Amino acid sequence: MASIILNLSSTQIAGLSTRTIAGLTSDDWTAFIPTKMAALTTAQAAAISTAQIGAITTDNLNSLGTAQFGALTTAQAASLTVGQMAKLDTDDLRALTTAAVRAMSTAQIDA
């Protein structure tokens, strides 16, 4: 599927079902580029599994808009790595819910 991701347009990415998003592998997520990541809808962002979050590059995470970032669940936010947290934009962090921030470890917050 990673090679398919490379060939999809942003419009096609936005049209993927949440079930398809949830079924993507780590290799699939590494095939994303920031413009394709930015095309994800808020529902698609919420469908990313906690295991998949770790496979997403910081550049791709930063390409998510505040609405997409705000759609992340508490579990997704808690699964962000310290390295990912350290490179997130301030606006993305502000978009997280209070519950999501509470679920983070002290190492994530310190990043």
Side-chain angles (χ1 to χ4, degrees):
M1 181 91 156
S3 62
I4 294 171
I5 296 292
L6 291 171
N7 294 315
L8 292 177
S9 69
S10 294
T11 303
Q12 290 170 315
I13 294 286
L16 294 174
S17 71
T18 55
R19 185 175 183 186
T20 299
I21 293 294
L24 294 177
T25 67
S26 295
D27 286 343
D28 297 330
W29 285 106
T30 59
F32 272 80
I33 58 173
T35 54
K36 290 184 182 183
M37 196 71 179
L40 292 174
T41 66
T42 55
Q44 289 170 318
I48 300 169
S49 74
T50 55
Q52 293 167 328
I53 292 282
I56 299 173
T57 67
T58 53
D59 285 343
N60 281 344
L61 281 175
N62 279 326
S63 70
L64 292 175
T66 54
Q68 296 154 313
F69 217 82
L72 295 181
T73 66
T74 301
Q76 288 170 310
S79 71
L80 291 166
T81 68
V82 172
Q84 289 170 321
M85 287 292 296
K87 298 198 178 192
L88 291 177
D89 295 332
T90 304
D91 288 340
D92 291 336
L93 294 172
R94 286 185 184 137
L96 293 171
T97 65
T98 303
V101 174
R102 284 187 188 139
M104 293 180 176
S105 69
T106 53
Q108 286 174 298
I109 300 296
D110 285 345

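Given the structure is predicted, the values throughout are model-derived calculations rather than measurements.
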Sub-4.5 Å side-chain heavy-atom contact between [X] and [Y]:
X   : Y    : value
T98 : R102 : yes
I13 : F32  : yes
F69 : N62  : no
I5  : L24  : yes

Rounded to the nearest 0.5 Å, what's the gap from [atom1] on [X] to [atom2] on [Y]? Could you check?
X   : Y   : atom1 : atom2 : answer
L40 : S63 : CG    : OG    : 8.0 Å
M37 : S10 : CE    : OG    : 12.0 Å
I48 : I56 : CD1   : CD1   : 4.0 Å

Side chain to side chain donor-acceptor pair (under 3.5 Å): pairs with one or both residues in residues 32-43, sequence neighbours excluded: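 For residues 32-43, and leaving out neighbouring residues, the side chain to side chain donor-acceptor pair (under 3.5 Å) pairs sorted by first residue read T41-Q44.
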The test is side chain to side chain contact (heavy atoms under 4.5 Å, CB included); show your working for L8 and L16 and say whether it passes. CA-CA 10 Å; L8 292 177; L16 294 174; 4.2 Å; yes
Assess whether side chain to side chain contact (heavy atoms under 4.5 Å, CB included) is satisfied between D110 and V82, documenting all intermediate values. CA-CA 8 Å; D110 285 345; V82 172; over 6 Å; no
Of all the heavy-atom pairs spanning [X] and [Y], show the shortest one and how long it is.
X   : Y    : value
A46 : A71  : CB-O, 3.5 Å
A14 : A39  : CB-O, 3.4 Å
A77 : A100 : CB-CB, 3.6 Å

Side-chain donor or acceptor of Q108 paired with backbone N/O of G83 under 3.5 Å: no
Applying side chain to side chain contact (heavy atoms under 4.5 Å, CB included) to Q84 and I53, what does each step give before you reach the verdict? CA-CA 9 Å; Q84 289 170 321; I53 292 282; 4.0 Å; yes
Do T30 and D27 have side-chain atoms, one donor and one acceptor, less than 3.5 Å apart? no
Under 3.5 Å, is there a donor on one side chain and an acceptor on the other for S79 and Q76?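 No, no side-chain donor-acceptor pair sits under 3.5 Å.
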Out of the candidates L96, D92, D91, only one should pair with R94 under the side-chain contact (heavy atoms from CB on, under 4.5 Å) rule; please name it. D91
Would a hydrophobic clustering, with Ile, Leu, Val, Met, Phe, Trp and Tyr connected at side-chain separations under 4.5 Å, put I4 with W29?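 The answer is yes; both residues are in one hydrophobic cluster.
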Give the intermediate values and the outcome of side chain to side chain contact (heavy atoms under 4.5 Å, CB included) for residues Q12 and N7. CA-CA 9 Å; Q12 290 170 315; N7 294 315; over 6 Å; no
